[in-house]
Amino acid sequence: ECEAQLRRMLQAGVVSAIYDDVIFPTPEEYRHHFKVKCEKTGRIVNIPHAVASLRVWNANELKYDEIDPVLEGAPSEADKETWWTSFLSKLKNQRGADYIEDLLANEPEDDEPATKVAELKLEVDAGVFTLVSERPLELERVRIYTAQFPACVGADQVVAVIGERNGEKKEFTAAVKGSSALLVKSTCVITLADLLPSEAIEYSFSEDPDTWVIAQISREALESYRKSKFELWKELLMKGECEAQLRRMLQAGVVSAIYDDVIFPTPEEYRHHFKVKCEKTGRIVNIPHAVASLRVWNANELKYDEIDPVLEGAPSEADKETWWTSFLSKLKNQRGADYIEDLLANEPEDDEPATKVAELKLEVDAGVFTLVSERPLELERVRIYTAQFPACVGADQVVAVIGERNGEKKEFTAAVKGSSALLVKSTCVITLADLLPSEAIEYSFSEDPDTWVIAQISREALESYRKSKFELWKELLMKGECEAQLR
C-alpha cells in the first residue's frame with residue numbers, strides 16, 4: 001500500500017535473487033537508496049535489495065563454492081523480459097492501468113536521502129536532543145568502541161556529536177560510512193534503558209591496566225549493582241560447595257572492588273587464571289576477578305572521570321587485614337578450622353589451564369569432532385570474520401581448525417589471544433542451530449561486488465528460505481500500499 005515503495009519496485013524490475021533486509025542487510029553507505037518514506041503512514045519502508053552473489057567456504061577443498069542466488073519460482077535471465085511483460089499486465093488489471101503507467105512514467109526520487117551527521121535524530125529513551133557540535137572521536141576511544149560496537153568496524157570516521165536538551169548535554173556517537181551516518185547505541189544490561197557509548201562504564205584489570213574495555217552498564221546501574229556484590233562474595237565463601245573455587249578465593253584474600261564475569265568479563269588471554277573445575281560436578285566455575293579501575297567519559301569537560309570501584313560494605317585498604325582476620329575466624333567457626341586451614345596451606349594450582357587450539361572441544365550441535373589439522377585463517381577471511389564476530393577483534397591470530405567425525409569434515413574457527421584460544425560460533429537466525437563461521441553464507445551486492453559480508457544463515461536454511469521470497473516480492477507489488485516503494 002506504500003506508493004513510494006511500489007514506484008521504486010516497478011522501476012527496478014524483476015527481483016529474482018535472494019533478498020532480506022535482516023539476514024542480508026544493505027551496507028549503511030548505500031542503504032538510503034533502498035529506503036523510502038510512505039506517504040500514508042510516514043514510516044520508512046524498505047525496497048527489496050537483491051544480493052548479487054552468494055558463496056560458502058568449502059573446508060575440504062579450501063576454496064569458496066559459489067551459490068546460485070536465484071529465488072525459487074523466479075524467471076531465468078533469458079525469460080525475464082517476457083515474464084515481466086506478462087506480470088505487468090496482471091498488475092494493471094488488478095491495480096489499474098493508468099495508476100501503474102503513471103508510476104512507471106515518473107522517475108523515482110531518492111525518497112530517503114543519505115543521512116548526514118547533522119541530520120541524525122539525537123534520541124535516547126524517547127528524549128530528543130538538539131545538535132550543538134560535532135568532532136572526530138579521539139583515536140583511543142575509536143579503538144575501544146570498535147571492539148564493542150560492530151557499527152564502528154570499517155567506518156570511514158567515528159564522530160562525537162554533542163546534543164543538548166533542557167540545559168543537559170549528552171555526547172552521541174555516529175559512525176560514518178560513505179555518504180551515510182548512523183547513531184551507535186546499545187542497551188544497559190541491568191536497566192535495559194538506552195545506553196550511549198559515552199555513558200557506558202569503561203574498566204581495566206590489574207593484569208593490563210592500560211587496556212580499557214566498554215561494559216554495557218550505565219553509571220546509575222553500576223551504583224545500584226555494587227550494593228549487593230560484596231555480600232554475594234562473602235556468601236560464596238560461607239556456603240560455596242566447590243572446593244577448588246573456595247581454595248582459590250581464600251588464597252586471593254578480600255575482593256573489595258566490583259566484579260562480574262558477564263558485565264566485566266576477563267580477557268581471554270588470562271581468563272584461565274580465574275576458572276577452576278569443580279570436583280563434585282565436573283563443571284567449570286569462575287573465581288571472582290575484581291576490576292582495577294573504572295571510568296566514564298565527561299561530555300562537558302571532554303575528559304574521563306575516574307569512578308571508585310570499591311564495593312558497598314567492603315573494608316577500606318587500611319582496614320583490609322583486620323577485617324580479613326575477623327572474617328576468617330567466623331569462616332572457621334562455620335565450616336571447620338582444620339578444613340579452612342588446609343585450604344589456605346595448600347598452594348592453588350592453575351586448575352583450568354589456558355586452552356590451546358589443539359585442546360579445544362570441537363563441538364557443534366552436540367556432535368564432537370576430532371582435530372585433524374590447523375592453519376592460520378586466510379587474511380581476507382580474517383577481515384570478513386572480524387566485522388561479524390567480536391571474539392576475532394584484537395585476536396593475536398585467527399586459526400582454521402579442521403575436525404572430523406564419522407568421515408565428515410568441518411572447519412572450525414579459533415581466536416587466539418595470548419596463551420588462550422576459544423572457538424568462534426554463532427546461531428543460524430532461521431533454524432537456531434549452531435553455525436560455524438565457515439558454514440555461514442557470505443553475500444555481496446552489485447554496488448560493491450568485491451566486499452563480502454557474513455550472513456547468519458546456513459546453506460540448508462537458505463535453500464528453504466528462498467522458496468518463499470519470490471512470491472512475497474510479487475505480493476508486495478500486487479497489494480503494497482506505499483507508492484514510493486511501488487514506484
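- Residues L62 and N58 fail the side-chain proximity criterion, which asks for heavy atoms closer than 4.5 Å.
- One finds a salt bridge joining E442 and R55 here, because a Lys/Arg side-chain nitrogen approaches an Asp/Glu carboxylate oxygen to under 4.0 Å.
- Note that CD1 of I217 and CG of L195 are 9.0 Å apart. Values are rounded to the nearest 0.5 Å.
- Heavy-atom contacts from other residues, nucleotides or ligands closer than 6.0 Å to CD of E207 number more than 12.
- When side chains are defined from C-beta on, Y304 does not count as touching V296, because their heavy atoms never get closer than 4.5 Å.
- Side-chain contact between L222 and L294: present, with at least one pair of heavy atoms (C-beta onward) separated by less than 4.5 Å.
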- prompt: When you look at V117 and V176, which way does the side chain to side chain contact (heavy atoms under 4.5 Å, CB included) test go after all the steps?
  reply: CA-CA 8 Å; V117 171; V176 180; 3.7 Å; yes
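- With hydrogens and angles left out, the side-chain atoms of Y270 and D208 include no donor and acceptor closer than 3.5 Å.
- Note that CG of L104 and CG of L91 are 8.5 Å apart. Values are rounded to the nearest 0.5 Å.
- By the side-chain hydrogen bond (donor to acceptor under 3.5 Å, both in side chains) test, E171 is found to be paired with R135, R141, W297, residues two or more places apart in sequence or in another chain being considered.
- The shortest non-hydrogen separation linking I162 to A299 is CD1-O, 4.4 Å.
- For NZ of K361, the number of neighbouring non-hydrogen atoms (other residues, nucleotides, ligands) closer than 6.0 Å is 12 at most.
- Side chain of Y259 to main chain of K229: a donor-acceptor pair is present (N/O by atom type, distance under 3.5 Å, no hydrogens or angles).
- Pairs of residues two or more places apart, or lying in two chains, that qualify as side-chain hydrogen bond (donor to acceptor under 3.5 Å, both in side chains) and include a residue from residues 182-193 are S186-Q216.
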- request: Dump the intermediate steps for side-chain hydrogen bond (donor to acceptor under 3.5 Å, both in side chains) on S420 and H272, then the final yes or no.
  value: CA-CA 8 Å; S420 194; H272 59 286; 4.7 Å; no
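- For the side chain to side chain contact (heavy atoms under 4.5 Å, CB included) test with L362, the passing option among V368, V372, V401 is V401; the others fail.
- In the displayed structure, E306 atom CD is contacted under 6.0 Å by more than 12 heavy atoms of other residues, nucleotides or ligands.
- E359 places a side-chain N or O within 3.5 Å of a backbone atom of K356 that can act as its donor or acceptor partner.
- The aromatic rings of H49 and F34 lie parallel to each other, with less than 30° between the two planes, well short of the 60° mark.
- To the nearest 0.5 Å, atoms NZ (K227) and CG (L232) are separated by 14.5 Å.
- The distance from the CG atom of L477 to the NZ atom of K479 is 12.5 Å, given to the nearest 0.5 Å.
- The aromatic rings of F230 and W233 lie parallel to each other, their planes meeting at an angle below 30°, with 60° marking the opposite boundary.
- Shortest non-hydrogen contact noted between P449 and S444 is O-OG, 3.4 Å.
- By the 4.5 Å heavy-atom criterion applied to side chains, P136 and Q157 are counted as neighbours.
- Residues S206 and A292 approach most closely at N-CB, 3.4 Å, considering heavy atoms.
- With respect to the salt-bridge test (charged N to carboxylate O, under 4.0 angstrom), the residues E471 and K474 qualify.
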query: Are W212 and E140 close enough, and set up right, to give a side chain to side chain contact (heavy atoms under 4.5 Å, CB included), and what steps lead you there?
result: CA-CA 10 Å; W212 292 88; E140 179 199 7; 4.2 Å; yes
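- The distance from atom CH2 of W83 to atom OG of S16, rounded to the nearest 0.5 Å, is 9.5 Å.
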message: If you apply the rule side chain to side chain contact (heavy atoms under 4.5 Å, CB included), what do you find for L183 with T173, and how did you get there?
response: CA-CA 6 Å; L183 281 183; T173 303; over 6 Å; no
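- E220 CD: 12 or fewer foreign heavy atoms inside a 6.0 Å radius.
- Contact check for V424 versus C392: side-chain heavy atoms found under the 4.5 Å cut-off.
- The two atoms that bring L377 and A400 nearest to each other are CD1-CB, 3.8 Å, heavy atoms only.
- Between K410 and E439 there is a salt bridge, since a side-chain N of the basic residue sits under 4.0 Å from a carboxylate O of the acidic one.
- You'll find the side chain of I307 reaches within 4.5 Å of the side chain of R219, heavy atoms only.
- Under a 3.5 Å cut-off, the side chain of D260 and the backbone N or O of V262 do form a donor-acceptor pair.
- Under the 3.5 Å distance criterion, the side-chain polar atoms of S464 are left unmatched by any main-chain donor or acceptor of A461.
- Considering all non-hydrogen atoms of both residues, A257 and V291 come closest at CB-O, 3.6 Å.
- Between W84 and L10, the shortest heavy-atom distance links the atoms CZ2-O, 3.4 Å.
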message: Evaluate F172 against V159 for side chain to side chain contact (heavy atoms under 4.5 Å, CB included), listing each step before the verdict.
response: CA-CA 8 Å; F172 294 77; V159 180; over 6 Å; no
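- Two residues are said to be in side-chain contact when any heavy atoms from C-beta on lie closer than 4.5 Å; K35 and I47 fail this criterion.
- Note on ring orientation: taking the six-membered ring where Trp is involved, the planes of Y443 and F445 are perpendicular (angle over 60°, cut-offs 30° and 60°).
- Of the possible polar contacts, one joining the D365 side chain to the D434 backbone as a donor-acceptor pair under 3.5 Å is found.
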- request: Step by step, work out the salt bridge (Lys or Arg N to Asp or Glu O under 4.0 Å) result for R165 and E168.
  value: CA-CA 5 Å; R165 177 173 179 262; E168 177 191 15; 5.3 Å; no
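- In this structure the side chain of F24 reaches within 4.5 angstrom of the side chain of I18, judged on heavy atoms.
- The NZ atom of K177 lies 7.0 Å from the CG atom of L182; values are rounded to the nearest 0.5 Å.
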